Amino acid sequence: MVSSPSSYLLIIVLLLLVLLTTSASIEENFIQCLSSYFSSNPKQFSTIIITRKNESFMSTLNSTAQNLRYLTPSMPKPEFIFTPLNESHVQAAVICSKKLDVHMRIRSGGHDYEGVSYVSEIETPFIIIDLAKLRTINVNITDNSAWVQAGATIGEVYYRISEKSAVHGFPGGICTSIGVGGHIAGGGFGAMVRKYGLAADNVLDAKLVDANGRLLDREAMGEIPFWAIRGGGSGNFGIILWWKIKLVPVPETVTVFTVTKTVEQGAEDIFLAWKDVASIDNDLFIRVIFQPVSAANKTGRTVSTSYNALFLGDASRLLKIMQHDFPKLGLTEKDCLKMSWIKSVLYLAGYPNDTNPDVLLQGKPIFKNYFKGKSDFFPFSTPPIQELFARLVEEDNPLIIWNPWAGGITYFPNSVTPFPYGFENLYLVEYLTLWHNASEDGSKHLDWIRKIYKYMTPYTNTQNLGRIAYVNYRDFDLGVNKKNAANFTEAAAWGLSYYQENFKKLVKIKNKMDPENVFRHEQSIPPDLSIMA
Ligand SMILES: Cc1cc2nc3c(=O)[nH]c(=O)nc-3n(C[C@H](O)[C@H](O)[C@H](O)COP(=O)(O)OP(=O)(O)OC[C@H]3O[C@@H](n4cnc5c(N)ncnc54)[C@H](O)[C@@H]3O)c2cc1C
Ligand SMILES: *[C@@H]1O[C@H](CO)[C@@H](O)[C@H](O)[C@H]1NC(C)=O
Ligand SMILES: *[C@@H]1O[C@H](CO)[C@@H](O)[C@H](O)[C@H]1NC(C)=O
Ligand SMILES: *[C@@H]1O[C@H](CO)[C@@H](O)[C@H](O)[C@H]1NC(C)=O
Ligand SMILES: *[C@@H]1O[C@H](CO)[C@@H](O)[C@H](O)[C@H]1NC(C)=O
Ligand SMILES: *[C@@H]1O[C@H](CO)[C@@H](O)[C@H](O)[C@H]1NC(C)=O
Ligand SMILES: *[C@@H]1O[C@H](CO)[C@@H](O)[C@H](O)[C@H]1NC(C)=O
Ligand SMILES: *[C@@H]1O[C@H](CO)[C@@H](O)[C@H](O)[C@H]1NC(C)=O
Ligand SMILES: *[C@@H]1O[C@H](CO)[C@@H](O)[C@H](O)[C@H]1NC(C)=O
């Protein structure tokens, strides 16, 4: 019982203390902590901490944010954005946010489908550690490798490789503005996936800041964590600062083509023939893009199917393969464009054909929009194409992209990376819907994509561990982390979709590396097996 005057005084003093400490803002406390870590003048950090009061706050926040859905005024905003200039800044940031118990989001290229790197919908206040200024790339042709910093885009990596050699490349993503930090952590695939596997399959070493602020390379972290960070999803185990990647050989001249067929030109038959092509020559990658277009008679819409390809060889060998295995497409010599590998990178990314490759050094996307994506891995069976076409013409700007995945020597056993490879998974399919009107709430588009996803259920790969999805095409519809989940399905259904049988192993590694769950987000791997009852 509190009764004596001295107790009241004590309470008042305590209250004042609480008021005083809370009145210092999070950024002030953070700067204070950084300054004591470096024993330096707090002023030096004022240029690399951008608060809501700074004029450049919105432009910094939206600089690399790729999904406009997550930039609307109603989305939670960070207290501040910290843009480290060196490795120790990142280490100090981890130590200080832990000490101050402030939630961190990590951003490299900002291409997360659900804005996880710049919006927290589960916890406020939060801050962003933005690695945009850490984008050094050191290519070493002598030993076929490169050290690349997390904030670099994959396009910058491709450019720096091509600057040193016309016969080296790297099997990463097709979109050139994705950041290597998030991309490789989630697997990363592109037009050479059939020949060389994922970006994560071609990682030799890494440097990561762990939950205690230590900087660890492969040797220091050990082989089990090193397995987990190559495809086990991002924002789970630490902050990746560097990847050491293995370069792969590419021919001096490659061949690309895009052949488009509408429904009226026999799109369905050709598509059915294409599905067998997924297992022909590993030098050949042909993805198929479905999208609605206006009909030739101008009074309706139809669907176009574009066969967009990279061939690691010359046109005459390509034509022979196509005539033998996929004559239905009717590829001709005229369709085949010969170019250097770096030019093919620009071609597949959608740049106009006369673009100088140095555009990649800008690290900028070609477009930004509001979007929602979902993914599936398909077995050999084929869904009713007519029905998909019918659904596509009903939506404003949808896309369905079919990526061939299987390839004889491409397969790596599950133990090589946490990525759920499987022989049954013949194509990686992506469903997308885009819009540009800021006044729309998007619900119509979300409805459309959820319906098509549901419609596809019977045709997809529903193995005993559930329908598989690609972690780099993050989808909150698969579930988000919840405290006190009722059961396993509610707690972590998304984990099985992304990692299948590897999920439980990743939970154990998370428990060892980050038991306090310093690195957390809506779909981060939980450190606790007990929620998986
Ligand atoms: C337009 C577009 C095209 C795409 N094309 C392809 C493609 O061709 N192939 C493909 O495989 N994927 C593709 N993707 C998906 C892409 O691989 C993922 O979105 C990837 O996560 C992007 O990485 P990022 O660094 O740009 O993203 P960010 O948004 O910065 O980060 C993504 C996630 O990683 C975490 N993270 C970021 N940096 C680090 C770090 N340094 N250490 C630890 N965690 C980190 C973030 O917190 C977040 O959870 C595409 C995405 C978009 C939007
Ligand atoms: C943000 O504003 C503060 C206070 O006005 C200023 O000291 C600081 O230099 C600004 N930072 C940036 C990055 O503009
Ligand atoms: C991004 O920020 C800049 C500068 O504040 C602003 O002009 C632009 O409209 C912003 N874009 C979005 C999508 O918010
Ligand atoms: C990073 O910069 C700080 C100054 O802000 C400096 O004290 C520190 O030594 C630097 N660390 C490295 C690894 O360069
Ligand atoms: C490149 O790799 C070779 C062989 O491992 C090594 O001798 C050389 O020092 C490296 N060059 C650079 C610049 O790191
Ligand atoms: C125009 O073409 C579309 C797509 O092929 C078709 O659905 C529609 O019936 C056609 N309209 C007319 C008037 O021919
Ligand atoms: C580049 O595009 C233009 C216009 O579409 C076309 O005329 C030209 O042939 C193309 N060049 C190459 C090398 O494909
Ligand atoms: C944008 O969406 C709003 C709300 O749905 C609508 O009223 C408006 O007409 C749309 N604008 C355009 C250009 O389509
Ligand atoms: C898990 O819990 C949710 C919410 O209570 C419930 O809807 C669902 O049916 C449960 N699933 C299983 C497999 O028990």
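Everything numeric in this text was worked out from a predicted model, so none of it was measured. For ligands, and for the atoms within them, numbers begin at 1 and follow the listed sequence.
- At least one heavy atom of His89 sits less than 4.0 Å from an atom of ligand 4.
- Residue Tyr113 is tested with Lys372, Arg69, Glu430 for a side chain to side chain donor-acceptor pair (under 3.5 Å); the sole match is Glu430.
- Looking at Ser56 next to ligand 2, no N or O pair under 3.5 Å apart turns up.
- In this structure, the side chains of Phe257 and Met322 come closer than 4.5 Å at one or more pairs of heavy atoms.
- Ion pairing of Glu223 with Arg230 is absent here, as no side-chain N (NZ or NE/NH1/NH2) approaches a carboxylate O to less than 4.0 Å.
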For ligand 6, run through the N/O pairs with the protein that fall under 3.5 Å and put one pair on each line.
from: ligand 6; atom 1: 2 (O); to: Asn297; atom 2: OD1; distance (Å): 3.2
from: ligand 6; atom 1: 2 (O); to: Asn297; atom 2: ND2; distance (Å): 2.5
from: ligand 6; atom 1: 5 (O); to: Glu264; atom 2: OE2; distance (Å): 2.7
from: ligand 6; atom 1: 11 (N); to: Asn297; atom 2: ND2; distance (Å): 2.9
from: ligand 6; atom 1: 11 (N); to: Thr299; atom 2: OG1; distance (Å): 3.0
from: ligand 6; atom 1: 14 (O); to: Asn297; atom 2: ND2; distance (Å): 3.1

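- Between Ser46 and ligand 2, at least one pair of N/O atoms sits closer than 3.5 Å.
- Using a cut-off of 4.0 Å between Lys/Arg side-chain N and Asp/Glu carboxylate O, Glu87 and Lys207 are scored as not salt-bridged.
- When ring centroids are compared, Trp274 and Tyr427 come within the 6.0 Å threshold.
- Under the 6.0 Å cut-off for aromatic ring centres, Phe290 and Phe389 qualify, their centroids lying closer than that.
- When heavy-atom distances to ligand 4 are checked against a 4.0 Å cut-off, Glu87 has no atom that comes that close, whether in backbone or side chain.
- Between Arg160 and Glu163 there is a salt bridge, since at least one side-chain N of the basic residue sits less than 4.0 Å from a carboxylate O of the acidic one.
- Ring centers of His89 and Phe38: under 6.0 Å apart, within the cut-off.
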